[in-house]
Undergrad: 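A single structure is presented below for examination.
Just so you know, residue 1 is the first one in the sequence shown, and it goes up from there.
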Amino acid sequence: MKKEEFNEGLLAFLNASPTPFHAVANMVEMLEKAGFKRLHEEYEWSLQANERYFITRNGSSLIAFSGAQGPLEVSGARMFGAHTDSPCLKIKPNPELLRKGYYQLGVEVYGGVLLNPWFDRELSLAGRVTYLSGAGEVKSTLINWVRPIAMIPSLAIHLDREVNNNRSINPQKDLPVVLMQCRDDSPPEFRGLLLEQIKQEHPALDAERVLDYELCLYDTQPASIHGLQNEFLSSARLDNLLSCYIGLQALLDAGSSQPCFLVFNDHEEVGSVSAEGAQGPFLRSVLLRITEDEARLSQMISRSMMISADNAHGVHPNYADRHDENHGPLLNSGPVIKVNSNQRYATNSITSSFYRRLSEELKLPYQVFVVRTDMACGSTIGPLTAAELGVKTLDIGVPQFAMHSIRETCGSADPLTLYEVSKSFFNTSTIPQA
């Protein structure tokens, strides 16, 4: 596949996925188009050899699997994990504020957000809304305004002369978004606005009253390829929808006869402790239902391996000293094997060597990252999944700038590289043993 073709699909996916709910819905559509069948946790499963399946939880996490032709305890599985959530601003339950004729919404910070870039951006709103139907049933649907409807304006420098020397942000005071002007003292009720949006987007739904919601603000600037030589790719939510798209496309294109799994968890950015997070029971529950026995599950895990894909910190040319001098990943120089001896990453010498061999066979580049010894290291779903299951795990990711910003940047060549190696991983017949 050519880089331009791959990136075209990636950009479309990023633009269409402003929330984890939308990302999972879009991936479900792609899986169903490829012939995967939906399973439901509340029903009994009757799995058939050579069939491909997927299951979702909470509408924000997804597991898909294929290629299970024989006993999994004999073949093991090739797993690819990533997370669907990104740091953002979420709307509070009672958000309405009316100040000086401006109708505003109060927000809550989700995850480790880089806050400064959220100012002076044209923002929209999307997520899940739960409503009461005309028949008295509680139902949910997704909404997305798409167009810009909100902004967090900066304070003029004339009113804060020291802003460029010492700016701090109070998220309670400084981040409520401006939605519209409202000249009277009776601003619209926010849930009423949501009901109007449901009726506009989904006229066939019999929605009578909005009960609650999970809504995220997002930047409306579309994802793009840029740079004098088109060497950069910028978008919101590269961390970590980039990895989700790579893993999904690799599985769909691998055509593997080996047992393969996609594991996309929500809530990584806030610790993964949830029913659908990597530190929750979702994956283990699915694997146990497939293997039907604790002993067989243990055998399967011992013969399996997971690639935990989450973006890495590319070395910033203005802040090169923030990296170890021998471990500064460059954009467009290949995916980054992430190593940490304190187990913030789950990579070991066996899993890293396995990835190196796959890359070298394909004549594709790779890099290695270790955090500076005097700095704290981040983490991802890799160590959590490894601890929950005992599966051999490699933590890897595409290097990027501006992690956790409203807009992030990676190299335009690196996504295709990780896709090609991941596709090879899904087709490998032998998993390394410790």
Undergrad: Is there a side-chain contact (heavy atoms from CB on, under 4.5 Å) between Glu408 and Met403? Walk through the geometry before answering.
TA: CA-CA 6 Å; Glu408 302 167 318; Met403 188 173 289; 4.3 Å; yes

Undergrad: Which heavy atom of Leu331 sits nearest to which heavy atom of Cys410, and what is that distance?
TA: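 Shortest heavy-atom contact: CD2-C, 3.6 Å.
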
Undergrad: Between the side chains of Ser140 and Thr130, is a donor N or O closer than 3.5 angstrom to an acceptor N or O?
TA: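 Yes, side-chain donor-acceptor contact under 3.5 Å.
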
Undergrad: On a heavy-atom basis, which atom in Asn26 and which in Phe13 lie closest, and how many Å separate them?
TA: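 Looking at all heavy atoms of both residues, the closest pair is CB-CE1, 4.0 Å.
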
Undergrad: Under 4.0 Å between a Lys/Arg side-chain N and an Asp/Glu carboxylate O for Glu420 and Lys423?
TA: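 Salt bridge present between Glu420 and Lys423.
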
Undergrad: Atom CD of residue position Glu231 - does it have more than 12 heavy atoms of other residues, nucleotides or ligands inside 6.0 Å?
TA: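 For Glu231, atom CD is crowded (more than 12 foreign heavy atoms under 6.0 Å).
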
Undergrad: Applying side-chain hydrogen bond (donor to acceptor under 3.5 Å, both in side chains) to Asn7 and Ser412, what does each step give before you reach the verdict?
TA: CA-CA 7 Å; Asn7 286 341; Ser412 60; 4.8 Å; no

Undergrad: Got a sec: does the CD of Glu189 have more than 12 other heavy atoms crowding it under 6.0 Å?
TA: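 Buried by this count: over 12 neighbours within 6.0 Å.
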
Undergrad: Does a donor on one side chain and an acceptor on the other come within less than 3.5 Å for Asp414 and Thr417?
TA: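 The criterion, which ignores hydrogens and geometry beyond distance, is not satisfied for Thr417 and Asp414.
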
Undergrad: In terms of side-chain geometry, is the basic nitrogen of Glu108 or Lys92 positioned less than 4.0 Å from the acidic oxygen of its partner?
TA: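 Answer for the salt bridge query: no.
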
Undergrad: Report the C-alpha distance between Thr409 and Leu233 in whole Å, list the side-chain angles of each, state the deciding distance to 0.1 Å, and finish with yes or no for side-chain contact (heavy atoms from CB on, under 4.5 Å).
TA: CA-CA 6 Å; Thr409 297; Leu233 188 157; over 6 Å; no

Undergrad: Would you say Ser304 and Lys392 make side-chain contact, with heavy atoms under 4.5 Å?
TA: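 No, side chains not in contact.
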
Undergrad: What's the separation between atom OG in Ser308 and atom CD in Glu268, rounded to the nearest 0.5 Å?
TA: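 So the OG of Ser308 and the CD of Glu268 are separated by 8.5 Å.
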
Undergrad: Centres of the Phe264 and His83 rings: under 6.0 Å?
TA: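 When the ring centroids of Phe264 and His83 are compared, they turn out to be at least 6.0 Å apart.
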
Undergrad: Have Asp120 and Ser154 got a donor and an acceptor in their side chains that come within less than 3.5 Å?
TA: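 There is such a pair (donor and acceptor under 3.5 Å, judged by atom type) between the side chains of Asp120 and Ser154.
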
Undergrad: Which one of Glu41, Arg38, Glu276, His40 satisfies the side-chain contact (heavy atoms from CB on, under 4.5 Å) criterion with Thr56?
TA: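 By the side-chain contact (heavy atoms from CB on, under 4.5 Å) criterion, Thr56 pairs with just one of Glu41, Arg38, Glu276, His40: Arg38.
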
Undergrad: Considering all heavy atoms of both residues, which atom of Leu252 and which atom of Ala34 are nearest to each other, and what is their separation?
TA: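 Scanning both residues, the minimum pair turns out to be CD2-CB, 3.6 Å.
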
Undergrad: Would you say the ring centroid of Tyr419 lies under 6.0 angstrom from that of Tyr245?
TA: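 Between Tyr419 and Tyr245, the centre distance exceeds or equals 6.0 Å.
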
Undergrad: Could you tell me the separation between the CG atom of Leu105 and the CG atom of Leu89, rounded to the nearest 0.5 Å?
TA: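 Going from CG on Leu105 over to CG on Leu89, the span is 11.5 Å.
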
Undergrad: Would you say the side chains of Ser60 and Asn58 form a donor-acceptor pair under 3.5 Å?
TA: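 The criterion, which ignores hydrogens and geometry beyond distance, is satisfied for Asn58 and Ser60.
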
Undergrad: How close do Arg78 and Ser429 get, heavy atom to heavy atom, and via which atoms?
TA: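 For Arg78 and Ser429, the tightest heavy-atom pair comes out as NH2-O, 3.3 Å.
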
Undergrad: Using the rule given for ring-ring contact (aromatic ring centres under 6.0 Å, His included), can you reason through Phe425 versus Tyr355, listing the C-alpha separation, both sets of side-chain angles and the distance that settles it, and then say yes or no?
TA: CA-CA 8 Å; Phe425 167 66; Tyr355 186 90; 8.9 Å; no

Undergrad: About how many Å separate CD of Gln299 and OG of Ser75, when rounded to the nearest 0.5 Å?
TA: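 The distance works out to 11.0 Å.
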
Undergrad: Taking atom OH of Tyr345 and atom CD1 of Ile396, what is their separation to the nearest 0.5 Å?
TA: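 Going from the OH atom of Tyr345 to the CD1 atom of Ile396 covers 12.0 Å.
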
Undergrad: Answer yes or no on whether Lys338 is positioned over the face of Phe369, meaning its NZ or CZ is under 6.0 Å from the six-membered ring centre and within 45° of the axis.
TA: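 Verdict for Phe369: no cation-pi partner in Lys338.
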
Undergrad: So does Glu44 have more than 12 non-hydrogen atoms from other groups sitting under 6.0 Å from CD?
TA: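 Not more than 12 within 6.0 Å, no.
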
Undergrad: Any carboxylate oxygen within less than 4.0 angstrom of a Lys/Arg side-chain nitrogen, looking at Arg284 and Glu294?
TA: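 Glu294 and Arg284: salt-bridged.
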
Undergrad: Determine the minimum heavy-atom distance between Ser46 and Gln48, stating which atoms define it.
TA: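 Here Ser46 and Gln48 meet closest at OG-NE2, 3.4 Å.
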
Undergrad: Could you walk me through whether Arg357 and Glu361 satisfy the salt bridge (Lys or Arg N to Asp or Glu O under 4.0 Å) test, starting with their C-alpha distance in whole Å, then the side-chain angles of each, then the deciding distance to 0.1 Å, before giving a yes or no?
TA: CA-CA 6 Å; Arg357 182 180 65 83; Glu361 287 177 347; 2.8 Å; yes

Undergrad: Lys37 vs Glu51, test: salt bridge (Lys or Arg N to Asp or Glu O under 4.0 Å). Steps then yes/no.
TA: CA-CA 8 Å; Lys37 297 181 178 180; Glu51 288 287 3; 3.1 Å; yes

Undergrad: Under 3.5 Å, is there a donor-acceptor pair linking the side chains of Ser243 and Asn240?
TA: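 Side-chain D/A pair, Ser243 to Asn240: present.
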
Undergrad: What heavy-atom pair brings Leu241 and Ser17 nearest, and what distance separates the two atoms?
TA: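 Closest pair (atom of Leu241, atom of Ser17, distance): CD1-O, 3.4 Å.
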
Undergrad: Does one side chain, of Glu196 or Gln200, offer a donor that lies under 3.5 Å from an acceptor on the other?
TA: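 Side chains of Glu196 and Gln200: no pair found under 3.5 Å.
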
Undergrad: One pair to check against salt bridge (Lys or Arg N to Asp or Glu O under 4.0 Å): Glu137 and Lys139. What are the steps and the verdict?
TA: CA-CA 6 Å; Glu137 297 176 303; Lys139 296 183 177 182; 3.5 Å; yes

Undergrad: Assess, by modelled atom type and distance only, whether the side chains of His404 and Asp239 contain a donor and an acceptor separated by less than 3.5 Å.
TA: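 Indeed, the side chains of His404 and Asp239 share at least one donor-acceptor pair under 3.5 Å.
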
Undergrad: Is it the case that Tyr131 and Asp212 place a side-chain donor and acceptor less than 3.5 Å from each other?
TA: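 Checked: Tyr131/Asp212 side chains show no N/O donor-acceptor pair below 3.5 Å.
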
Undergrad: What's the spacing between Asp219 CG and Arg237 CZ if we round to 0.5 Å?
TA: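 One finds 8.5 Å between CG of Asp219 and CZ of Arg237.
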
Undergrad: Quick one: do Leu248 and Met30 satisfy side-chain contact (heavy atoms from CB on, under 4.5 Å)? Show the steps, please.
TA: CA-CA 9 Å; Leu248 177 57; Met30 295 165 71; 3.7 Å; yes

Undergrad: Going from CD1 on Ile406 to OG on Ser86, what distance comes out if it is rounded to the nearest 0.5 angstrom?
TA: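 Those atoms lie 11.5 Å apart.
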
Undergrad: After noting the C-alpha distance and the side-chain angles of Ile63 and Leu262, does the key distance pass the side-chain contact (heavy atoms from CB on, under 4.5 Å) rule?
TA: CA-CA 5 Å; Ile63 294 173; Leu262 295 176; over 6 Å; no

